[in-house]
Amino acid sequence: MKLIVAIIKPYKSDDVREVVSELGVSGMTLTEVKGFGRQKGHTELYRGAEYVIDFLPKVKLEIAVEDDRADQIVEAICKAANTGKIGDGKIFVCSLEQTIRIRTGETGNDAL
Amino acid sequence: MKLIVAIIKPYKSDDVREVVSELGVSGMTLTEVKGFGRQKGHTELYRGAEYVIDFLPKVKLEIAVEDDRADQIVEAICKAANTGKIGDGKIFVCSLEQTIRIRTGETGNDAL
Amino acid sequence: MKLIVAIIKPYKSDDVREVVSELGVSGMTLTEVKGFGRQKGHTELYRGAEYVIDFLPKVKLEIAVEDDRADQIVEAICKAANTGKIGDGKIFVCSLEQTIRIRTGETGNDAL
Amino acid sequence: MKPNSKLITGLVSTALILFPGLALAQDGLNGANTSWILTSTALVLFMTLPGLSLFYAGLVRTKNVLSVLMQCFSIAVVISIVWLLVGYSIAFGPSESAWWGGLGKAFFSGVDAGAMSGDIPETVFAAFQMTFAIITPALIVGAFVERIKFCSMLAFTVLWALLVYFPVANWVWGGGWLGQMGLIDFAGGTVVHLTAGVAALVLALELGKRDGFLTASVVPHNLTMSFTGAAMLWVGWFGFNAGSALAADNAAGMALYVTHTSAAAGALTWMVLDWFKFGKASGLGAITGMVAGLATITPAAGSVGPMGGLLLGLIGGVICYFVTIYMKQRLKIDDSLDVFPVHGIGGLTGTLLAAILVSGGLGVFSGTGMPDGMTVGSQFVVQLIGVVTIGLYTGVLTWVIVKIVSAVMGLRIGADEEQVGLDITEHDEKGYSM
Amino acid sequence: MKPNSKLITGLVSTALILFPGLALAQDGLNGANTSWILTSTALVLFMTLPGLSLFYAGLVRTKNVLSVLMQCFSIAVVISIVWLLVGYSIAFGPSESAWWGGLGKAFFSGVDAGAMSGDIPETVFAAFQMTFAIITPALIVGAFVERIKFCSMLAFTVLWALLVYFPVANWVWGGGWLGQMGLIDFAGGTVVHLTAGVAALVLALELGKRDGFLTASVVPHNLTMSFTGAAMLWVGWFGFNAGSALAADNAAGMALYVTHTSAAAGALTWMVLDWFKFGKASGLGAITGMVAGLATITPAAGSVGPMGGLLLGLIGGVICYFVTIYMKQRLKIDDSLDVFPVHGIGGLTGTLLAAILVSGGLGVFSGTGMPDGMTVGSQFVVQLIGVVTIGLYTGVLTWVIVKIVSAVMGLRIGADEEQVGLDITEHDEKGYSM
Amino acid sequence: MKPNSKLITGLVSTALILFPGLALAQDGLNGANTSWILTSTALVLFMTLPGLSLFYAGLVRTKNVLSVLMQCFSIAVVISIVWLLVGYSIAFGPSESAWWGGLGKAFFSGVDAGAMSGDIPETVFAAFQMTFAIITPALIVGAFVERIKFCSMLAFTVLWALLVYFPVANWVWGGGWLGQMGLIDFAGGTVVHLTAGVAALVLALELGKRDGFLTASVVPHNLTMSFTGAAMLWVGWFGFNAGSALAADNAAGMALYVTHTSAAAGALTWMVLDWFKFGKASGLGAITGMVAGLATITPAAGSVGPMGGLLLGLIGGVICYFVTIYMKQRLKIDDSLDVFPVHGIGGLTGTLLAAILVSGGLGVFSGTGMPDGMTVGSQFVVQLIGVVTIGLYTGVLTWVIVKIVSAVMGLRIGADEEQVGLDITEHDEKGYSM
Ligand SMILES: Nc1ncnc2c1ncn2[C@@H]1O[C@H](COP(=O)(O)OP(=O)(O)O)[C@@H](O)[C@H]1O
Ligand SMILES: Nc1ncnc2c1ncn2[C@@H]1O[C@H](COP(=O)(O)OP(=O)(O)O)[C@@H](O)[C@H]1O
Ligand SMILES: Nc1ncnc2c1ncn2[C@@H]1O[C@H](COP(=O)(O)OP(=O)(O)O)[C@@H](O)[C@H]1O
């Protein structure tokens, strides 16, 4: 199994959830994170002073999938989250050794 | 070493911490996340309109452990976090290449 | 590629960002997490009662890097985040199978 | 009228020695009324800052929270200045015209430390009325949150106050034609709530929907904030309605009591309707019903009795509830925080019903009695004329102002800015950095 | 009593011409007092909405924040309606009985725009008293947060107001037997705080503990919110206590001052005790001590002098502190937000001590002097009778009401719902969606 | 002065029968003024709790939010106690000295339920003044947030009140030498804002900078909280300035109106300046400008007319804006929440300009007219003397107190504690546990 970790723009999370649901992915986990990268952070004002905020709000989606569906899903996420603008984010893919569904104790692909 | 990632119901986090502490795990990291899965989200009302909130509050626990203790710990988590109801969550296990304790520079199992 | 996951004291995150930027790392992702470990949590008062809060605020940095720069970067983080006091945190290193930049579709090291 | 009998003069001075408190009563000052209107002024400002600001700001998304607070705050700021320069004069100036007050009191000329308005200082009257001039455009904010340009919002507000609010206030309260005709509008069912509601509707239509309108991604970010603001509105409304008696007397007392009762009745209505429709009473529903009850009683607070107040709150609550749903679910108009269905419809309902509930012959539901020479029918016609003319006038003028502002400086921010949120794009700030 | 000497009549009319402010004084209206009680009414409503609501809501967990706000808000709503229908009449109606006011003023019959209560409009008196009827059941919320059914809570509240609050208010303030006996309870040590405290205790025992009680997982989710609410309580209490003079006079002034001083003294006490016990002064401790000081001074605010106020705050602070600890740590009763130890014990302490500190012979600690024909001893007996009978009556009646509600509709939500939190399960809403 | 003609006595008693409201006027009580000062007392306490507390607390980082709330709250607590014990007497006691009020009213001796201060109860006057004594040291909090020891902060506050605030209040308002000299300081430009500003500067210099000062890691954690507090300050300031008339009369009305206008003008100024400098109007800038406008008008609120109020707000706004930038960007002084540039400079500016704008000969900008025997020049000299002596006295005394406290118990927490945050290290609590 693979763990797909996608760091995307926050307002794209609904779109991504939809496309991967359509591909049969039944679950995912979302975390609010802050991203630092090529995309420039914004300026904040404070009583006559200016500060540059480097970290931008992003959303991290973690999706565990069967090995053979990983590529297809990565592609779908890529498409749904793409705006063509800097800061669209990254997708990381790791190998997952094991998955267990807590409720039933099922393991492996059955647990997804 | 393994990285055990458990996504559980928020109110179960104390129980899980206790059982793994008893098994000699000395540390873990908790993140508040939102989960999407088979468990249905709740409805929210807004002035005569209803919205379904798909993402439910979950807690993600990350626990790095020695290889040989991973199974035992996964099992303990499974037990402690189980309610038998849909939405109990998942446990993912990845392989960890290296661990370093920042304070001392220790690496590997010593760093856990 | 490697995914470096560093769990550090919150006020160290700027220092770490700086040193890894100097090493040419162009991006990272930050998550606010709560850590449980050897460092004792603090006490909280509530109307004549005392509670021990086990989980302490920490920051998790995730940095994807090319294989050959991983060690150097881990070392730099270690140095920047070190205070010598208990609770400085841990660094975990996992293997990354794939990285994709959403905006361009680039993969592998190019995507970092 | 000066008494010249020596004896009387002597008695009067003796009285002044005996009752030093009376000295102030010279020149017609009523300290008690002054005290209450000073207090009411504070209460009505409190309704906008922070009351309404928090109520509205809690209902938007995190990325726009500060922009809403700033919209309300900066409206208070610019209206206060315009009020001093010309607003007060247009609304309450000395002109003989039935259409505006003229510019005789521009720059508050003549409104010095000695000037009186009835038995309270004119500064107090002017300050009290100013707080109404502030909250009315602030109410409109609910229509355009999360997508309007800050500078356009300010320009719109100033023009709208000049062309809509100040004149209408003159017509009804400043001695203008509607007041002369006998329109009952105790504290602003037409002047405040109807104008704000209609303007909101026009703006909502012109601006178009927010991205994500009617999806779960556009839920209120902080209902505790809205709740806090709503509670402040309730309390502040005592100043709004009971202060409109311009005295600390029985009329003020009754206005306060019926205001409170209508608020409670409106809230109860929404709780019950939500319960029937969805099986649960929602908090946002309850506080929205409260606002509906308050808007409905506002024009009638000087006319109805306790049970009349209850009735108004119930009726206003029900009507506003269904109009809110209809506008959102059917018409799909993004009057984002429901200004028209709650304030516009509430104010309209109360203004019309005042013609009936003012009557002294309704048994336990009796009001203070028909004004001299009026019947329920004739009063209702006056109320209808008031509602229709003010509604139409506001609608047309608002539309013209929106078109002008839109042409000159644009109205809506870009799609990218909308994604990022107004806090960053318009103010370079964030509400929370926790 | 009408003067018929022509001269006098002439003088009087002259006086009215000279002092137009006096015109209002006709028919016995005192505008100054009216102004202050109108203001006090706003202040006391402000104590519940948003004051107490925020104070309490900050102390629960995130998942229940909105439910607490809704409990307080909906209590205000239903009590306001019940007050209009029968509550005011039961408490302050015209009946000759020493046990209740009868139904002569049900539906506010006779309370029209001309009705007076002393020298203020009756509507003002009724509105002011209504805010007390609202806050009392709202105080009880602290006992049942995070686990009560919303509908049962409403049913309990209405029954409790009808059977406990309105009658007890009549006994003490409405001309009933305790008032006749000379019980000193200026602003509600027994009527408000003791009844709320005892009812809270009964409910806490009947409902049982929250899941997680006394563990770190049940810490307050937002102390800044509680702090905000506490500050509002302090300010609003000026209306509560100084408003209870029903006049803007020296009694009101002294009540305000001693109220403030006792609040400060109570807060200081908790800060110092926390410091001794834990080495640090906690913020929640400070604001809780403030509430303890305020509850303690409430019955005595019309009787004690400045230093007496200080003393009351210190004594009330210490007693409430240790009772709070004892109840929670030893008895392990989950009176979740400590209503009984803070309000019940505070109100009781103040009521009893009023018998002593009212005395004019305590040097710098002197009060306004013993009431005619009373000694410290005899007054203390009266106070004791008041505390014991009201305490017992409230306890028994509350228990009966709880049993009835429990039997008819159930009291406590299920364990699963408790895990999820009342915001979702009872209202389909969340406090924060940031 | 007692009238002994039988006729008159008879008339008076008749009057009392006719106008029961007058009965209270006996003994010189003015109920209307009492009502307004009771209200103002509530408003000014509201400025500190929760107003200023929230304003400040929102501007610090999450880890220190509660410590700021506690600093403000505990200052209110200890000053209230000290006020009762000796503070009121030092400031407003009966001593003949031009330097302090003596200890004749220590423990409020003689301030009983019958005591009067002018035509209001002395308790009301004392309570009103107490709220000023509370807010002044609370303003200083802005200088030392996020790094001061809690116990040292309390010790400093008590000493500072005893040695700086109470005496200076006596000099200006308590019959002391500056008041005798004719210093115009209606509501505290020198007594409150200048003393607080100068003390803040001294403390900021002594304490040194916060770790991270002038970096993005030290941004306000919750601007919605600051906004809420700022709005409360605006409303409460009506009590502060209009209450300082000590009457519900024309002076109060004008004070309220010019106060409001100056607040709006100050806010507008900052919005415009931010817009020019950064291209955007910031919310924090707007509310800071509001405070600057309010601080500036404070000494002059009894002297200027409506347009004068506008002018003061504009001028005060501009000056405070540039001093704020200069202090932070150039001098790099960590007066963390800009107490000196906003309050100190604002109060100073208003105090000096009052000498000019009080003049009756400025056309539309005229004030209430020069005091008898004064010219703009001579008045300006008096104002200058007031500002310089109070500024110097405050600076020196504050420095001495800081040195003493520092030597005895230390001033600044350790670097580790600063990292963790004062909420945990000083109070064992967290603001949010959501
Ligand atoms: N090397 C990295 N490791 C972890 N996260 C990264 C890395 N580089 C970028 N990110 C994440 O991806 C987000 C977008 O990256 P950025 O460089 O701004 O734009 P783009 O993805 O278009 O190249 C960042 O905000 C950060 O959260
Ligand atoms: N494929 C997946 N990848 C990542 N997280 C998942 C995945 N499936 C489920 N989850 C997480 O597990 C939680 C529980 O899953 P759910 O399907 O609701 O119930 P159950 O675990 O009982 O099957 C989800 O809320 C989500 O956070
Ligand atoms: N086994 C572990 N798995 C995951 N995270 C851990 C583990 N052990 C420690 N951590 C994280 O590292 C942080 C610091 O660990 P701690 O034991 O307190 O101190 P130190 O790093 O100095 O040994 C913890 O708060 C926790 O977030």
Side-chain angles (χ1 to χ4, degrees), chain D residues 1 3 8 11-12 15 22 25-26 28-33 35-36 39 43 62 119 219-224 227-228 231-232 234-235 238-239 242 247-254 256-257 260-261 263-265 267-268 271 278 280-284 286-287 290 305-307 310 364 368 432, chain E residues 11 14-15 17-22 24 29-32 34-36 38-39 41-42 45-46 49-50 53-54 57 65-66 69-70 73-74 76-78 80-81 84 107-109 111-116 120-124 126-127 130 150 222 225 228 426-434:
Chain D
M1 243 187 283
I8 291 177
L11 286 173
V12 168
L22 288 185
Q26 273 180 320
L29 179 87
N30 183 310
N33 296 348
S35 169
W36 173 235
T39 305
L43 284 170
T62 310
D119 60 8
V219 294
H221 89 286
N222 189 346
L223 284 179
T224 73
F227 180 91
T228 306
M232 290 169 171
W234 191 335
V235 172
F238 286 0
D249 61 3
N250 289 62
M254 186 57 86
L256 183 144
Y257 187 75
H260 180 90
T261 300
L268 189 69
M271 285 166 63
F278 303 107
K280 290 180 189 173
S282 87
L284 177 57
I287 58 179
M290 174 207 86
M307 291 297 289
L310 180 71
V364 76
T368 53
Y432 312 92
Chain E
L11 285 174
T14 310
I17 290 162
L18 285 174
F19 315 127
L22 288 185
L24 284 169
L29 180 85
N30 183 311
T34 303
S35 170
W36 172 236
L38 286 167
T39 306
T41 303
L45 181 62
F46 184 59
L49 301 175
S53 312
L54 293 176
V65 58
L66 213 66
L69 296 174
M70 258 304 260
F73 185 85
S74 62
V77 165
V78 297
S80 300
I81 307 291
L84 168 62
F107 304 96
F108 265 50
S109 93
V111 187
D112 57 26
M116 297 294 294
I120 63 172
E122 186 167 2
T123 47
V124 176
M130 174 187 67
F150 183 64
N222 189 345
M225 181 180 270
T228 306
E426 300 294 290
H427 306 292
D428 272 348
E429 278 173 318
K430 276 206 303 279
Y432 312 92
S433 310
M434 318 233 276

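Chain identifiers are assigned alphabetically (A, B, ...) following the order of the sequence lines, protein sequences preceding nucleic acid strands; residue numbering begins at 1 within each chain. All values derive from a computational prediction rather than experimental measurement. Every heavy atom of this structure was used, including side-chain atoms; hydrogens, water molecules and symmetry mates were not.
- Among all heavy-atom pairs drawn from Leu310(D) and Leu84(E), the shortest one is CB-CD2, 3.8 Å.
- Contacts between Ala57(E) and chain D at a heavy-atom distance below 4.5 Å are absent for every atom of the residue.
- A 4.5 Å side-chain heavy-atom check between His260(D) and Thr41(E) finds every atom pair outside the cut-off.
- Closest approach of Val65(E) to Thr224(D), counting heavy atoms only: CG2-CG2, 3.7 Å.
- Here the closest heavy-atom approach between residue Ala113(E) and residue Thr368(D) is recorded as CB-CG2, 4.4 Å.
- Contact count against chain D (heavy-atom pairs under 4.5 Å) is highest for Phe108(E) among Phe108(E), Phe150(E), Trp36(E).
- Summarising the geometry, atom OG belonging to Ser35(E) is positioned 11.0 Å from atom CG belonging to Asp249(D); distances are rounded to the nearest 0.5 Å.
- Of the possible polar contacts, none joining the His221(D) side chain to the Ser433(E) backbone as a donor-acceptor pair under 3.5 Å is found.
- Contacts of Leu268(D) with chain E are made by both backbone and side-chain atoms, with heavy-atom separations under 4.5 Å.
- Residues Ala32(E) and Ala32(D) approach most closely at N-CB, 3.2 Å, considering heavy atoms.
- In this structure, Phe227(D) and Leu49(E) have side chains that are in contact, with non-hydrogen atoms separated by less than 4.5 Å.
- Between chain E and the residues Tyr257(D), Phe238(D), Trp234(D), the largest count of heavy-atom pairs under 4.5 Å involves Tyr257(D).
- For Ala252(D), the parts lying near chain E are the backbone and the side chain together; criterion is any non-hydrogen pair under 4.5 Å.
- Under the 4.5 Å side-chain criterion, counting only non-hydrogen atoms from C-beta, Met116(E) is in contact with Asn250(D).
- For Thr228(E), no part sits under 4.5 Å from any heavy atom of chain D, backbone or side chain.
- Contacts of Glu429(E) classified as salt bridge (Lys or Arg N to Asp or Glu O under 4.0 Å), with partners at least two apart in sequence or in another chain: none.
- Per-residue heavy-atom pair counts under 4.5 Å with chain E were compared for Leu43(D), Asn222(D), Thr62(D), Thr39(D), and the maximum is reached by Asn222(D).
- Both the backbone and the side chain of Leu38(E) come within contact range of chain D, each with at least one heavy atom under 4.5 Å from a heavy atom of that chain.
- The candidate from Ala267(D), Ala286(D), Gly305(D) with the greatest count of non-hydrogen atom pairs under 4.5 Å with chain E is Ala286(D).
- In this structure, chain D has a heavy atom under 4.5 Å from the side chain of Val78(E), while its backbone stays farther away.
- Proximity to chain D (any heavy atom under 4.5 Å) is shown, for Ser109(E), by neither the backbone nor the side chain.
- Contact between Val124(E) and Gly253(D) at its shortest, heavy atoms only, is CG2-CA, 3.5 Å.
- The minimum heavy-atom distance between Lys430(E) and Leu223(D), with the atom names listed, is O-CD1, 3.5 Å.
- For Ala265(D), the parts lying near chain E are the backbone and the side chain together; criterion is any non-hydrogen pair under 4.5 Å.
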